[in-house]
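Encoded as structure tokens, the structure appears first; notes follow it.
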Amino acid sequence: MRMTRLALKTQREAPADAEAVSHQLLVRAGYIRRLASGVYSFLPLGLRVMAKLNQIVREEFDAAGAQELLLPALHPVELWEQTGRLQTMSDVLMTVEAKGGTFVLGPTHEEAVIATISPDLESYRDLPVTVYQIQTKFRDEARPRFGLMRTREFIMADAYSFDASASGMKSSYSRMYQAYLNIFDRCGLPYVPVEADSGAIGGDVNHEFMVPSPIGEDHFAQCPNCGYAANIEAAKRGEAAGKPSDANAPEMTMHSTPGSTTISEVVEALGSQGIEVDSSSLLKSLAFKDANDDVTLILVPGDREVKVPKGLAPLTDNDFESNSFLFKGYIGPMGMSDQGVRVLADYSILERSAWSAGANLVGHHVSNAVLGRDFEVDEFGSFVVVGDGDPCPNCGDALSLVRSIEAGHTFELGLSYSNKISSATFKAEDGTDQKYWMGCYGIGMSRLPAVIAEHFHDADGLRWPKSVAPYQVELLTITPARAPEAVAFTDDIYGQLRERGVEVLYDDRDLTPGVKFADADLIGVPIIAIIGQRGIANGVIEVKKRLTGERIEVSVPDIVDYLSESG
RNA sequence: CGGGAAGUAGCGCAGCUUGGUAGCGCGCAGCGUUCGGGACGCUGAGGCCGCGGGUUCAAGUCCCGCCUUCCCGACCA
């Protein structure tokens with residue numbers, strides 16, 4: 001493509017609303033442009049990058065046995081009522097009122113794919129099948145940000161596997177998992193597959209593909225020793241080398257702490273009475289109820305955030321009334337088993353012998369409550385949001401937290417969707433109707449250019465890896481208006497390279513050299529060939545590798561071969 | 001949804017305190033000089049100063065309401 005013909009205008013300054021480097025560079029270099037908050041157009045260069053990424057996904061998904069199709073973006077609202085997600089995902093759903101009724105603008109396509117494909121999957125003989133699409137999704141994000149990173153309209157590659165059994169699902173899952181590894185490898189990105197929480201999607205086993213980044217909105221915990229890696233929402237801590245409880249601690253003592261119902265207030269109230277406590281030596285005792293309204297108490301250190309196990313919900317004011325022995329703000333673990341309350345404690349509770357805690361009496365807390373002497377715990381486990389330095393659940397080494405961007409997510413859904421949609425059945429070998437065992441697999445395609453740009457840039461601009469670059473080679477002529485020989489030469493090799501199928505961007509604009517160099521660096525094509533009268537006279541062409549900054553001279557007769565091989 | 005900041009030419013910004021002919025840089029058009037790392041001179045085009053109302057002889061500027069955008073938090077496949 002000749003730049004004199006290319007719809008492109010680079011900008012020297014980034015728009016004021018661009019915070020992230022990727023956002024600034026993609027806008028400045030003319031890859032994307034904002035149309036509304038969280039809504040971006042892909043300009044010709046940006047679309048070429050998307051096309052490269054889409055091709056990588058198609059090749060790897062196809063190789064894994066998946067078949068491409070295209071589902072609608074408009075979904076009849078009834079479909080979403082069936083699975084209950086009209087309510088559970090209402091925060092992000094955008095709807096359209098049309099003559100034919102109400103439609104959901106698909107934020108994900110589990111419902112739509114089942115409704116579409118189930119007529120073709122009537123028998124166990126038809127399974128397994130994996131289908132995928134690359135499609136625009138809509139989510140009414142509370143806060144779009146960082147350019148392409150979090151948008152309200154975005155492109156996702158999403159695949160769905162259908163199997164006749166749990167084991168079949170697992171093998172479909174592992175094929176797609178491998179495809180994911182291949183895809184991120186080919187994008188040149190550093191990434192870590194981590195165990196994840198399934199969130200609103202539901203299901204059991206699932207992995208997120210995380211790319212470490214300072215602008216990431218997620219964190220995962222990683223063990224440098226054994227390789228354990230899990231999203232902060234799913235990460236578990238292990239048991240530290242335990243400290244035995246000290247039964248010789250001073251007697252448990254009650255203190256008056258009126259009006260102190262938060263950790264910091266209690267620390268202050270006790271401190272003013274000369275009792276040395278800080279938030280880490282105060283028990284945070286939180287009461288939850290399960291589906292049967294049975295109460296569970298969870299103990300974590302006062303400076304830690306509790307990670308609530310599935311199936312438990314915080315007590316409401318009504319619940320406090322019906323459990324008259326629980327006083328909000330003054331709950332402690334002492335005597336709870338007598339009340340029929342199950343007491344769970346984080347492993348970290350084992351690391352200290354004497355605790356301060358609520359006294360189960362309004363306006364009072366106790367000090368020197370000792371585990372095994374003054375209170376009992378029914379079960380220890382991982383009940384905190386994991387932090388830097390917590391022991392790894394596998395090997396006990398210190399975990400570290402890594403800030404990261406979620407680039408992809410894979411789920412074993414099991415029967416969770418099939419059970420909610422009546423058409424999700426097939427005839428099994430024994431003649432009975434069975435439900436599909438499903439998996440789903442999503443990659444945030446329109447997010448990837450931003451993730452890659454975050455990783456591959458320098459002060460001068462973008463530095464695309466070859467596999468996703470909009471063009472492989474850029475030809476840049478110096479002062480074309482005064483260098484007819486160089487122009488004729490460049491026209492010639494431009495034609496030859498195109499004949500060989502090399503993707504070439506040709507900066508034939510009659511601008512001062514500085515502007516052209518700066519634009520080349522900004523746009524970030526991996527190989528830049530600089531052609532001037534001077535080089536031609538010396539029989540050499542200067543070639544710059546954008547990624548490394550390396551400059552080499554290639555003799556004129558070799559230049560086409562060189563560029564088509566390295567490009 | 002809570003807290004903060006901002007909307008003036010395609011982009012980046014000044015002008016608002018103290019009301020009186022709307023400016024600068026980049027970009028854009030023309031002419032000339034330049035030409036291996038974002039050159040220079042001259043000329044020119046381009047504005048519902050976010051929207052609506054109010055105060056005033058007069059509002060980009062003061063007052064009220066609304067809208068939009070960005071940041072922090074909450075939320076979140």
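Quick caveat, the model's predicted, so the values are computed rather than measured. Worth knowing before you read on, the calculation uses all heavy atoms, side chains too, and leaves out hydrogens, waters and symmetry mates. Chain letters run A, B, ... following the sequence lines, proteins first, then strands; residues in each count from 1.
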Nearest to side-chain heavy atoms of Arg152(A), which nucleotide of A39(B), C76(B), U69(B):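 Ranking A39(B), C76(B), U69(B) by closest atom to the Arg152(A) side chain puts U69(B) first.
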Atom pair distance, as rounded to whole Å: [atom1] in [X] and [atom2] in [N]:
X         : N      : atom1 : atom2 : value
Glu141(A) : A77(B) : CD    : C1'   : 10 Å
Phe411(A) : C76(B) : CZ    : P     : 14 Å
Arg139(A) : C75(B) : CZ    : P     : 17 Å
Met149(A) : A77(B) : CE    : C1'   : 16 Å
His23(A)  : G12(B) : NE2   : P     : 11 Å
Ile528(A) : G37(B) : CD1   : C1'   : 12 Å
Met210(A) : A77(B) : CE    : C1'   : 11 Å
Glu19(A)  : A6(B)  : CD    : C1'   : 14 Å

What distance, rounded to whole Å, do you find between the two [atom1] atoms, one in [N] and one in [M]?
N      : M      : atom1 : value
U61(B) : A22(B) : C1'   : 12 Å
G19(B) : G60(B) : C1'   : 10 Å
G23(B) : G47(B) : P     : 14 Å
G32(B) : G46(B) : C1'   : 23 Å
G12(B) : C31(B) : C1'   : 28 Å
G50(B) : C11(B) : P     : 13 Å
C16(B) : C63(B) : P     : 14 Å
U17(B) : A6(B)  : P     : 15 Å

Nearest nucleotide by nearest heavy atom, which residue falls closer to the 5' end of RNA chain B, Glu208(A) or Arg28(A)? Arg28(A)
Under a 3.5 Å cut-off for both contacts, is [N] paired Watson-Crick or G-U wobble with anything, and if yes, with which nucleotide?
N      : value
G20(B) : C57(B)
C66(B) : G50(B)
G2(B)  : C72(B)
G32(B) : C40(B)
A45(B) : none

Between [Y] and [X], is there a salt bridge with N-O shorter than 4.0 Å?
X         : Y         : result
Glu412(A) : Lys170(A) : yes
Arg152(A) : Glu141(A) : no
Glu217(A) : Arg403(A) : no
Asp17(A)  : Arg145(A) : no
Lys307(A) : Glu233(A) : no

Residue pairs passing the ring pair (Phe, Tyr, Trp, His ring centres under 6.0 Å) test with at least one member in residues 13-39 of chain A, sequence neighbours excluded, are His23(A)-Tyr40(A), Tyr31(A)-Trp464(A)
Can you run down the salt bridge (charged side-chain N to carboxylate O under 4.0 Å, His left out) pairs that involve residues 470-490 of chain A, sequence neighbours left out, and say none if there aren't any? none
By the salt bridge (charged side-chain N to carboxylate O under 4.0 Å, His left out) test, which pairs, at least two apart or in different chains, include something from residues 448-459 of chain A?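 Sorted pair list: Asp458(A)-Arg463(A), Asp458(A)-Arg546(A).
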May I ask you to list the residues of [range], by number, that have any heavy atom positioned under 4.0 Å from an atom of RNA chain B?
range                       : result
residues 33-41 of chain A   : Arg34(A), Ser37(A)
residues 7-14 of chain A    : Lys9(A), Gln11(A), Arg12(A), Glu13(A), Ala14(A)
residues 171-182 of chain A : none

Which residues pass the salt bridge (Lys or Arg N to Asp or Glu O under 4.0 Å) test with Arg534(A), not counting sequence neighbours? none
Output all residues satisfying side-chain contact (heavy atoms from CB on, under 4.5 Å) with [X], sequence neighbours left out; order by chain, then residue number.
X         : value
Pro480(A) : Thr477(A), Val487(A), Asp510(A), Lys516(A)
Lys544(A) : Asp521(A), Ile528(A), Arg551(A)
Asn419(A) : Leu415(A), Lys435(A)

Would you say that more than 12 heavy atoms from the other residues, nucleotides or ligands in this model lie under 6.0 Å from the CZ of Arg2(A), or not?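 Result for CZ/Arg2(A): enclosed.
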With side-chain contact (heavy atoms from CB on, under 4.5 Å) as the criterion, how do Arg28(A) and Thr10(A) come out once you've worked through the C-alpha distance, each side chain's angles and the decisive distance to 0.1 Å? CA-CA 5 Å; Arg28(A) 280 186 55 209; Thr10(A) 59; over 6 Å; no
Under the rule for ring pair (Phe, Tyr, Trp, His ring centres under 6.0 Å), what residues qualify as partners of Phe209(A), not counting sequence neighbours?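 Ring pair (Phe, Tyr, Trp, His ring centres under 6.0 Å) check on Phe209(A) returns Tyr177(A), Tyr180(A), Phe184(A).
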For nucleotides 30-36 of chain B, print each protein N/O atom paired with a nucleotide N/O atom at under 3.5 Å, atom names and distance only.
residue	atom	partner	partner atom	Å
C35(B)	O2'	Arg482(A)	NH2	3.2
G36(B)	O6	Gly535(A)	N	3.4
G36(B)	N2	Glu542(A)	OE1	2.2

Looking at CD of Glu153(A) and CG of Leu105(A), how far apart are the two atoms once the value is rounded to the nearest 0.5 Å?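 Here the interatomic distance stands at 9.0 Å.
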Counting the atoms with a prime plus P, OP1 and OP2 as sugar-phosphate, which does [X] contact under 4.0 Å by heavy atoms, base, sugar-phosphate, or nothing?
X         : value
Ala142(A) : base
Glu406(A) : sugar-phosphate
Lys137(A) : nothing

